[in-house]
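Hydrogens, waters and symmetry mates are skipped; everything else that's a heavy atom, side chains included, is used. Source: prediction; values computed, not measured. To find a chain, count down the sequence lines: A is the first, B the second, and so on, and within it residues start at 1.
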Amino acid sequence: MTDERAERMQKIVSLAKRRGFVFQSSEIYGGLRSAYDYGPMGAELKRNLMNEWWRAMVHCREDVVGIDASILMHPKVWEASGHLANFSDPLVDCKLCGERFRADKAPRAEPGSPATVTLGDKGRAKAALERLSHLGIEGVRREGKTLVGLAVGPVGYVCPNCGSPILSEERRFNLMFRTHLGPVDPVGAVVEAVATAAREGKTGAELRAVAEAAIEASSVYLRPETAQAMFVNFLNVQGALSLKIPFGIAQMGKSFRNEVTVEHFIFRSCEFEQMEMEYFVPPGEGPKYLEYWKEQRMAWWRSIGLRAENLRFRAHGPDELAHYSDGCFDVEYRFPWGWDELEGIASRTDYDLRAHAAASGKKLSYFDPEATDPATGKKGWRYVPHVVEPAAGATRGVLAVLCDAYDEEPGDERGKGARTVLRLHPRLAPIKVGVLPLVKKDGMPEVARGIARDLFAAGVGAKYDEQHSIGRRYARHDEIGTPYCITVDGQTLEDGTVTLRHRDDRRQERIAADRAVEAVTDALKRA
RNA sequence: GCGGGAGUAACUCAGUUGGUAGAGUGUCAGCUUCCCAAGCUGAAUGUCGCGGGUUCGAGUCCCGUCUCCCGCUCCA
């Protein structure tokens, strides 16, 4: 990150705190790593953003319905989805081919015995050889796509993919937050189980396994994504509303991951908020709908005000695609530190429903009486739907919106008129209109309060504000992104007009006070 | 996880060799003020990130720890 962009990021973080958007969690106790609280402005902004998503994805569509599922789910959900295995096993990375594998499932080999590494092709073998010399390992010979001259390390296993003994250390990833359902603390059960096992002479890894089993008995997990709830509720939702494919199930809410690294303010945190939708389609139509949702989702990010030049797609390469997926695009935003993911739009085939069908024994399929079964050629087709998933980060969406909206104007040559302004889309703005008496006398406050009340009654998020000079109040509203200000002045008392001031260009127009509500609601509608 | 930098008022920061914690901005009150952070007068606000140590005395020196930022690593 360049200094200039790092400084810009600092300023955004600083403004977020100063104006009540985002505070660090538990700040008076020194702060909690990677946890943030949304203040009065931030809570409104996040809520507005998520409401916009819900409106676009659920309310404005015939084919998508919403759910709000529990954060705690049956542990078997995570077993079936693969999260449990991938999130909590001892994992090792191969330093030659990049494969990550479970240490306990790797091919065993006698420590010290010769190891032959076989890469996919000559080019990869050359690259691996370079990596070896980089690691300071010499005396390795290349024969075509194989490397000879390495020896098995003391761990006694090699990479299942290429046979390499050059491996990272075993790391126990437990990326899911484990907790316990039920009032009995599991520590007692663990102590008892371990004590019994120790008396039986068990040691080391065996004791660990005993402890692990004792914990597992009562373990549940905070969801690491909201998506699985849509899959396990597929039959419930489809049946309850008699939905016809294609249709989607949407959900917004919190998810939790013990990230290895947290970074960039609220961008990557262990507790975060997602906006996900699973769209169920007939087999074979995944790629078509992937294309459709890709465009829809990009259009949505544009519609809430993010600038086109700061948005792009990034296609996942074959190497980073999950084995079951047949296509995935990220919507990326140009954050101050560079391009980074806002949303992933993935074609997931029938992997999820099949996995849950196999694990639960329930038939997670759909019957289309109108369609022709390609296998039999007869009318009536029962199939496991394929899924296209647009999965967006709400928390990082808030950050993208703040970054995109943040602007500084230098003012004139003496710096007069300089200001910081958040050019938030009016629908996202925490406060829609500030209602200000020009000065605190001559009955102006009373008139202004009356206008504010009218705005409240019309459902417009208004704020009456009489502190400080008019210039400071405008500046403060610019900093929190308030798109409009209505000001009551001397002329109001004579002819019943007020000024309507626009945030982006500070332009003012004179309108009738009794038409203020209408003017503001019209402007918000047009925005 | 590794390496580097930082933490003093709400914000930005100063704080000398270890000797009574400061400035600007902001905030609050009053006066003034008819349009873009105006002025005058006054006021409040500090676990100096936290804990320990050395010392007669620690914001300053030492140890530990937490948090943030940057770069690597990682991101099923």
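The side chain of R472(A) places an N or O atom within less than 4.0 Å of a non-bridging phosphate oxygen (OP1 or OP2) of A38(B). The side chain of H468(A) contributes an N or O atom lying less than 4.0 Å from OP1 or OP2 of C28(B). Residue H477(A) has no polar side-chain atom (N or O) positioned under 4.0 Å from OP1 or OP2 of C36(B). Note on S469(A): a side-chain N or O is less than 4.0 Å away from OP1 or OP2 of A38(B). Applying the 4.0 Å criterion to OP1 and OP2 of C68(B), one finds that Q24(A) has a side-chain N or O inside that range.
Of all heavy-atom pairs spanning W301(A) and A392(A), the tightest one is CZ2-CB, 3.9 Å. Residue I480(A) comes nearest to L424(A) through the heavy atom pair O-CD1, 3.8 Å, listed as atom of the first residue, atom of the second, then distance.
Considering only heavy atoms from C-beta on, V398(A) comes within 4.5 Å of Y38(A) through its side chain.
Surrounding NZ of K11(A) are more than 12 heavy atoms belonging to other residues, nucleotides or ligands, all under 6.0 Å away.
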query = Going through the checks in order, is the side chain to side chain contact (heavy atoms under 4.5 Å, CB included) test met by K432(A) and Y484(A)?
reply = CA-CA 6 Å; K432(A) 308 303 182 196; Y484(A) 309 108; 5.6 Å; no
Check your understanding: Under the side chain to side chain contact (heavy atoms under 4.5 Å, CB included) criterion, do T420(A) and D478(A) qualify, and how do the steps go?
Key -> CA-CA 7 Å; T420(A) 297; D478(A) 286 342; over 6 Å; no
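Summary of the strand contacts: Y29(A) and H502(A) both lie near RNA chain B, and taking for each the nucleotide with the nearest heavy atom, the more 5' one is attributed to H502(A). Residue order along RNA chain B, read from the 5' end via each residue's closest nucleotide, puts L493(A) first among A35(A) and L493(A).
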Once base and sugar-phosphate atoms are separated, protein heavy atoms under 4.0 Å mark nucleotides 2-12 of chain B, 5' to 3', with B, S and - as --------SS-
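Using cut-offs of 30° and 60° on the angle between ring planes, the pair F234(A) and F280(A) is tilted.
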Its dot-bracket string being built from Watson-Crick and G-U pairs below 3.5 Å, with | for another strand and [ ] for crossing, RNA chain B has the pattern (((((((..((((.....[..)))).(((((.......))))).....(((((..]....))))))))))))....
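Using a 4.0 Å cut-off between charged side-chain N and carboxylate O, R268(A) and E341(A) make no salt bridge.
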